[in-house]
Amino acid sequence: MLLLLLSIIVLHVAVLVLLFVSTIVSEWIVGNGHATDLWQNCSTSSSGSIRHCFSSSTNEWLQSVQATMILSVIFSVMSLFLFFCQLFTLTKGGRFYLTGIFQILAGLCVMSAASIYTVRHSEWHLNSDYSYGFAYILAWVAFPLALLSGVIYVILRKRE
Amino acid sequence: MAPGAPSSSPSPVLAVLLFSLVLAPAQAIVVYTDREVHGAVGSRVTLHCSFWSSEWVSDDISFTWRYQPEGGRDAISIFHYAKGQPYIDEVGTFKERIQWVGDPRWKDGSIVIHNLDYSDNGTFTCDVKNPPDIVGKTSQVTLYVFEKVPTRYGVVLGAVIGAVLGGVLLLLLLFYLVRYCWLRRQAALQRRLSAMEKGKLHKIGKDSSKRGRQARHFLPYLHPLAFWEPRA
């Protein structure tokens, strides 16, 4: 029982960490010497010594990606908080509906953010040779994990 | 100042107080405007100007708007309001384009510039004098004229976050409200039914005890209602 609880909490915290890292780190699209993310574009000179960072464009689609990533982090944190609340206030046999709903919402937000970014990223970064950085991949990994975590909460019944 | 203070200390405190009152900065007028204003070519833009004055608004109050072109060094006066009468530029670049929309009683000295053009880029200064309160700082607003006014950064961001959070909270509230009303109705129904059953049992118990045992079979029908136990 305690093992189950611990593993669920570990999964939730892992999702939270993935969401935080993916939102903050500057590696959504990388190319030779430059890296862009939701908040700034950084480019390193060829010798590797000078690094310039500029703010990202004010494109509406980029803003909506930023907004949904922030929303996913907010929902995941609220879900963790609600989980601890419900752990102590739920009646025996009850299900963690609220926690699960918020975690599923967080997963949906991450999915929509990553999808919008994939479709529209050419509007604000114009380099032709690029590849997706690890923060982008983390966002996609966080989506099924968040969904899984939310579904587990909805199915789980409180014992003891 | 302090009522319980010993008699020796009040005099330096009082001296400092009087000193600060006498040497307090003579009333100064403070003017407020926006910092920058964006406008589209051909449209109109409002330049707001407001002020704070320690004196009452007098009849001699005067507003002056000056304009300094972008990259230029001189500021020309384009609007003046004095003694209740606005004087609008009739010979310069803003000929017939300025409209006075301010009201001294509301401490508002705003003007509207119609039919913007790229040559209107520059800095506008609002100067307010409210005799006897005439010392003070002016305030400047920079006008930027665009072909199309760009939306400020963060509008879409804030709108998406606010809309989704607000929608989720609203839905949760609605759900809990409906569930609360439903539960209250169920509880009232259950109470009424159990009261009816008690009444029936009393009546049957008066007749005979055998028939009373039959009436107790009514009770199981209440149980489906007990299915709705509260879940948090």
Side-chain angles (χ1 to χ4, degrees), chain A residues 23 38-40 54-79 82-106 108-113 116 120 123-124 153-154 156-158, chain B residues 34-41 43 45 121 142-187 190-191 222-232:
Chain A
T23 307
L38 309 178
W39 312 102
Q40 57 185 8
F54 305 98
S55 296
S56 302
S57 80
T58 62
N59 189 305
E60 292 89 29
W61 290 110
L62 185 60
Q63 284 185 46
S64 66
V65 174
Q66 292 167 345
T68 39
M69 284 305 291
I70 290 176
L71 274 173
S72 74
V73 169
I74 290 176
F75 281 139
S76 197
V77 168
M78 278 170 72
S79 165
L82 278 170
F83 175 62
F84 284 114
C85 279
Q86 291 197 306
L87 204 59
F88 297 119
T89 66
L90 212 53
T91 58
K92 184 173 153 131
R95 287 185 159 145
F96 297 86
Y97 282 126
L98 264 186
T99 309
I101 285 178
F102 273 99
Q103 188 74 330
I104 290 178
L105 271 178
L108 289 178
C109 282
V110 169
M111 181 201 72
S112 56
I116 297 177
R120 295 272 175 179
E123 278 188 20
W124 56 78
Y153 281 125
V154 167
L156 196 71
R157 273 191 195 277
K158 185 176 180 206
Chain B
D34 299 319
R35 195 159 303 166
E36 27 176 87
V37 167
H38 299 225
V41 180
S43 76
V45 72
N121 271 306
T142 314
L143 175 67
Y144 295 100
V145 181
F146 297 101
E147 193 179 291
K148 198 175 65 133
V149 183
T151 46
R152 278 203 325 254
Y153 173 66
V155 169
V156 175
L157 190 76
V160 172
I161 292 183
V164 173
L165 272 180
V168 165
L169 284 173
L170 206 71
L171 280 173
L172 272 178
L173 231 86
L174 227 74
F175 171 73
Y176 275 112
L177 204 74
V178 167
R179 205 180 75 150
Y180 173 70
C181 290
W182 174 253
L183 282 175
R184 252 197 359 181
R185 225 159 57 110
Q186 289 296 333
Q190 191 171 14
R191 257 183 280 134
L222 282 176
H223 285 301
L225 290 174
F227 167 74
W228 277 100
E229 43 191 24
R231 291 181 189 172

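In this text the structure is predicted, and so the values were computed from the model without any measurement. Heavy-atom basis, side chains included; hydrogens, waters and symmetry copies ignored. Chain A is the first sequence line, chain B the second, and so forth, proteins listed ahead of strands; every chain is numbered from 1.
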Would you check if A:Leu98 and B:Leu172 make a side-chain contact, meaning some heavy-atom pair closer than 4.5 Å? yes
Just wondering, do A:Trp61 and B:Val156 contact through their side chains at under 4.5 Å, heavy atoms?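 Side-chain contact under 4.5 Å: no.
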Can you tell which part of A:Leu105 gets under 4.5 Å to a heavy atom of chain B, answering side chain, backbone, both or neither? side chain
Looking at chain A, which one of B:Gly154, B:Ala159, B:Gly158 has the largest number of heavy-atom pairs inside 4.5 Å, strictly under? B:Gly154
Is it true that a side-chain atom of A:Gln63 and a backbone atom of B:Tyr153 form a donor plus acceptor pair closer than 3.5 Å?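 Absent.
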So what's closer than 4.5 Å to chain A heavy atoms on B:Val155: side chain, backbone, both or neither? backbone
Taking every non-hydrogen atom, the tightest pair across B:Leu157 and A:Ala67: CD1-N, 3.4 Å
To the nearest 0.5 Å, what is the distance between CD1 on B:Ile161 and CD1 on A:Ile74?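 The CD1 atom of A:Ile74 is 5.5 Å from CD1 of B:Ile161, to the nearest 0.5 Å.
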